[in-house]
Every structure is written in C-alpha cells, then in structure tokens.
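Worksheet for the structure shown next.
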Number of protein chains: 2
Amino acid sequence: MKEIPVQKQSENRPGAGALRPVDMRTFKVACSNCNLRELCMPLGLDAGELARIDELVLTRRQVRRGTALFRHGEAFRSLFAIRSGFFKTCVTADDGRGQVTGFQMAGEIIGLDGIVNNQHTCDAVALEDAEVCVMPFERISELAREVDALQHHLHRIMSREIVREHGVMLLLGSMRAEERLAAFLLNLAQRLHARGLASHELLLRMTREEIGSYLGLTLETVSRAFSKFAEDGIIDVRRRRVRILDTAALQHIVNQPACNMKFS
Amino acid sequence: MKEIPVQKQSENRPGAGALRPVDMRTFKVACSNCNLRELCMPLGLDAGELARIDELVLTRRQVRRGTALFRHGEAFRSLFAIRSGFFKTCVTADDGRGQVTGFQMAGEIIGLDGIVNNQHTCDAVALEDAEVCVMPFERISELAREVDALQHHLHRIMSREIVREHGVMLLLGSMRAEERLAAFLLNLAQRLHARGLASHELLLRMTREEIGSYLGLTLETVSRAFSKFAEDGIIDVRRRRVRILDTAALQHIVNQPACNMKFS
DNA sequence: CGACACCTTGAAGAGGTTCAAGAAATGTGG
DNA sequence: CCACATTTCTTGAACCTCTTCAAGGTGTCG
C-alpha cells in the first residue's frame, strides 16, 4: 500500500495570507465562550472552574491545508482541540508504509499519542485550512489535579479514543470492502449530526487514497464501492460530494454479517 | 469471520479448587513488594507515596481459564493489573461478529475501555488461570490528584494503548498474512524479553482462530503461515510451542515493504 | 490552455477464504 | 487406565474478493 503523499498546497492563497499582515497564529481566547465547548470541555463547571479552564488554552494556531500540525518524532508538549477544519492522522512504519489512523473534525482532540514518550508517534495533517487550540499538557495535568471534572474528562477522552480504535480494528479485521465504506460514511454522518450539521450531505475532505488507507483498501476499491452504492441508489456521488439517500441501506450493509457468522 | 467461542473449562479442576477450601479470591496485597511493580506502577516514588500506592489495590481476584474478568455491557468500576496469567480482549459487533483486540500478559493493565461510559465495551477472557489486582478507578483518580507520578503514569498507560492500537491498525490495514504473523511473534517475544523471560521459546496461550481474529485472518491462513515459517527454518512449531530460530528473518519479513511502496 | 492531481472503469492476477477431510492433542466417562 | 468424544490443528483444492496494472476522464490551478 502506497504511502499517502502530503497534498501540495499553495503557500500564499489569496484571501488567506493576504488579509493578515500580522501573525494571527497565536492569540488569546476563552473556552468559556467557545461554541464547541460542549464537545471538548467538561460540563457542569462552576464559574470559578470555568475561569480556570480558560487558562488551558494558551494560544490558537492556524494550520494550512496540506501542512502538519505535528509530525512523528517531534517533541510532545500540547494537546490540540480542533476549532475548525479537518485533519487526518497517520502512522508510518520503518519501511515507509503508511496508514491513516483517523480523521478528526472540529471539537475533537488530537495529540494523545505523544504522551507516552513525550514524542509524537504519528503525523497530524490538515486536510483543509484549520485552527486549533493549543493546550500545554503540563498545564492540563496541573489543572486536572484540582478540577475533578477536567480530570475525568481527560480520562474519558483517552478512553474514547481507545474504544474508537477497537471499532476500527473490528472493521479492518472482519469487514468486506463495501461494509467498511458503509461504516465509514455512517460514522462521518453521525459525527456531523452530533455537531448539528447536515449529516446527509457530505463534503469529503480526503482523497480516495486516504479513505482507502484508513479502511485498509486500495483507492480503486473505494472508488468502485462508491460507484456500486450510487448504482444501487444508496448514495449520490459527485467526486467529493456525497449525498446519503438511504441511511437504512447503509446500516443494513454494515450489519449484514459475513456469510458464515456465529450466532452465539 | 466466526466469533471465537469461549473455551469450555472444567469448573472444578483437581489441584485448583480442591486445595482452596476458603475463598482466596480476595485478599490484601502490597504493590510495594510486587515484583511486577516496575511494569504497572510508576518509578521514583518516595516512601510516603509508595505507601499510598499500596492502597490502590483493594483486592486480588482469580480468573479461571476460559472465564471472563469482565464482559461488554458490565458496569465499569476498576482497572485491573494482571499479576499472572494471560488474557484476550475482544469486541463484538451488533451482528455477532467478533474481533480479538489484544492479548495481555502479566504486568499489563486492562479495563481502560470502560472509562468513557462507565461501562465495559469489550470482553476480557483469561486464556490460562490468572490473577489480577483490582484497582477501583475512583481510588486511582483520587490518588492521581495527589501523586503526580501516578497521574502521569496513568496518562502514559492510556497513551501507550492508543499507540499500540495504531500499530495494530497499520498491521491490519497494510500487511500481508505472513508479515502479520511475523509481527505478532516478534511482539510476543519482545514482551517476554521485557519480563526477563525466555523470548525465543513461546508457549502460545491462544488458538489459531484467536490469533487469526487478532490478525484479521482465518485460522487456516495462520496455520499455513506457521507451516511456511517452519519450512523455511525460521521457527519450529509443535502446535502451541513455537521456538524462534531466526529473529532476523522475522524482522526482515515484517520490514519487507509490499511490492510497490512509496519511498518518500 | 496545459499540467497536474484526482477519480473512474476494465481486465488480469494473486492472496486469502471457504469447504472438506483427516490427524493430533486433550478431556471425559466408564 | 483406556476408549471415545471433542477440540484444535494441518493440508489440499476450488473459488472469490480485492489488488494490480492500465487507460482514459474530470476538475483545478497556474
């Protein structure tokens, strides 16, 4: 399986750089006012705790499409909450093989892989212009000792990631190509729905090759599966625009057990 | 892919139950004396902290071969440190499909999946008679707020699990059958080595079917790969006894990039 | 407009699965 | 303790899914 090349991107797109004569990559913000707070921060904090949480985010940082928020090998210092944009994370084997391990959207936290050895073990690459909140891990740790809700929240986030990966392992280990793609689409739709966004009109931020890497398939197989779904009237595909027409059919495909499964 | 059936086991084996008229499942122990401490507990604690850590383990619990330490759906209360024995963890899809998500040995921690929703999402089944230290999560959380080293240790354990799963995703997503099995054997050997055990004489605790589930292969493919390695003089196989004869060859198989990989 | 990246589709081929049968351990019960 | 049942493992052969290779199409951007 080929490594997925980082998308080239123009370093000076009109409208992005041009309008910002000063460096806007770092400036103070308040979590307490953030409309994504419910997604990345604990609920039920009192005013005092909320004020302290605001200290968590030191700065924000802009990440251009195609560039990395961090790369494997780099020192780990902070977790990142995605404020806007879309990321992929991918690991690379010694021999150069790559694997997309996840796609992350607004409200999700990335960087957890770096905690073990104070060093990132995967790359996080923006698939569209993005902005993240930089939360120094040292600061998170300190605050977690004092604010129980934050401690628990951090633990939940890490546990959730572990459980999510269990699901991916199930997918990679036991599903057929079309089942994988159906599961992938449903997952994306569900996450958009959770953010109050239109969940049947997907605008894919990643290439077929990236989807394929994530799903353990080649880009051709992904493309064929898309075409098959379209042919069956389950979705409507126009390159990266995917409209889900029949969610139930997708769910049926995922739950369709492989020919000889066990009914225990 | 068939679900892996729980191994039947005799509930009253001579020598196990017979010698224990009293219930030995719960009794006090001290982490500070445990020879596995380096594996599951933080290092560099002072005497006072060490004493507090000892409060972490409320009880131990015996788990017979073939029985579950916990099952998905059960309430989550504690993390478990494996003192002896060998476990598998597996997730089950709605349709009954199962996937082994890992094999755990002495010194490793299981139960992290339960933190998110206070409910276990996978099954942990002993593959040989085992004993675990029961560490109530509430107690861990409390203590982590006071002992920095414990807090960091907990975070590291969770992060390590995330990174481990990234590796499994890479394996499932991009490796051929023989590469997967080679990687599996090397991983087992490495973990035994880290425990100071003979790392070239493996006694597999799991069936071919369980290995297959973990590696996303059928049991036949696993068996054939074993035979192939034996034929090539890389290992010596006699059912569950595997002797690694040529570690370098195994490493070479794993790092052998798929035919057309990218050299970026 | 031309170059480039991305996507689609077809055809051939390979790797792994499925099905089947038998062998080797292991456990069971008389 | 031995015979039988069961589980686990091995191996072969046919089949199938997905990959690989190849070509052409589509959209984007300088």
Side-chain angles (χ1 to χ4, degrees), chain A residues 1-2 4-16 65-66 127-128 172-181 203-213 215-231 237-242 256-262, chain B residues 1-2 4-16 65-66 127-128 172-181 203-213 215-231 237-242 256-262:
Chain A
M1 185 156 298
K2 288 184 188 174
I4 291 171
V6 170
Q7 294 174 342
K8 280 228 190 77
Q9 43 74 255
S10 45
E11 274 301 328
N12 42 9
R13 291 162 63 252
R65 177 156 114 67
L127 296 181
E128 64 179 354
L172 290 171
S174 71
M175 289 188 182
R176 312 213 150 288
E178 290 177 15
E179 297 174 319
R180 297 184 196 188
L181 188 64
L203 182 55
L204 303 178
R205 263 53 204 234
M206 68 295 279
T207 66
R208 300 287 190 260
E209 186 169 19
E210 285 162 335
I211 297 172
S213 172
L215 299 179
L217 303 169
T218 59
L219 67 98
E220 292 95 333
T221 302
V222 172
S223 180
R224 273 186 258 267
F226 269 127
S227 300
K228 176 68 162 37
F229 288 170
E231 203 175 298
V237 195
R238 280 270 275 276
R239 293 183 88 78
R240 300 208 178 171
R241 304 197 66 87
V242 176
Q256 195 78 317
C259 17
N260 69 335
M261 47 144 298
K262 168 89 167 310
Chain B
M1 184 156 300
K2 288 183 187 176
I4 290 172
V6 170
Q7 294 174 341
K8 277 223 192 80
Q9 44 71 256
S10 46
E11 273 301 325
N12 42 7
R13 291 160 64 252
R65 174 156 134 18
L127 296 181
E128 64 180 354
L172 291 171
S174 72
M175 289 189 182
R176 314 214 148 287
E178 290 177 15
E179 297 173 320
R180 298 185 196 188
L181 189 64
L203 182 56
L204 303 178
R205 264 52 204 236
M206 68 296 278
T207 66
R208 300 287 191 263
E209 185 170 20
E210 286 161 335
I211 297 172
S213 173
L215 299 179
L217 303 168
T218 60
L219 67 98
E220 292 94 332
T221 303
V222 172
S223 180
R224 273 185 258 267
F226 270 127
S227 301
K228 175 67 162 39
F229 288 170
E231 202 176 299
V237 196
R238 280 270 280 276
R239 292 185 87 76
R240 298 208 179 173
R241 302 196 65 85
V242 176
Q256 194 78 316
C259 19
N260 68 334
M261 48 145 297
K262 170 91 165 310

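Note on naming: letters A, B, ... go to the chains in the order of the sequence lines (proteins, then strands), and numbering restarts at 1 for each one.
Checked against C:dC6, D:dT20, D:dC9, the side chain of B:T207 finds its nearest nucleotide in D:dC9. Considering only side-chain atoms of A:S223, the nucleotide from D:dC18, C:dT8, D:dT11 that sits closest is C:dT8.
The minimum heavy-atom distance linking B:E178 with B:A225 is given by the pair CG-CB, 4.2 Å.
Side-chain atoms of A:E209 and base atoms of C:dC7 include no donor and acceptor less than 3.5 Å apart. No hydrogens or angles were tested; on distance alone, nothing pairs the side chain of A:R224 with the base of D:dC18 as donor and acceptor under 3.5 Å. No donor-acceptor contact under 3.5 Å links the side chain of A:E178 to the base of D:dC18. In terms of polar N and O atoms assigned as donor or acceptor, the side chain of B:R239 comes within less than 3.5 Å of the base of D:dT8 in a complementary pairing. Interface remark: the B:R205 side chain does not form any donor-acceptor pair with the D:dT8 base, using a distance-only criterion of under 3.5 Å.
Counting only distance, with no hydrogens or angles, the side chain of B:S227 and the backbone of B:S223 share a donor-acceptor pair below 3.5 Å.
Nucleic acid contact class of B:S227 (heavy atoms, under 4.0 Å, all strands): sugar-phosphate only.
Between B:T218 and the phosphate of C:dG16, there is no side-chain N or O to OP1/OP2 separation shorter than 4.0 Å.
Comment: B:E128 engages B:R205 in a salt bridge, judged by a side-chain N to carboxylate O separation of less than 4.0 angstrom.
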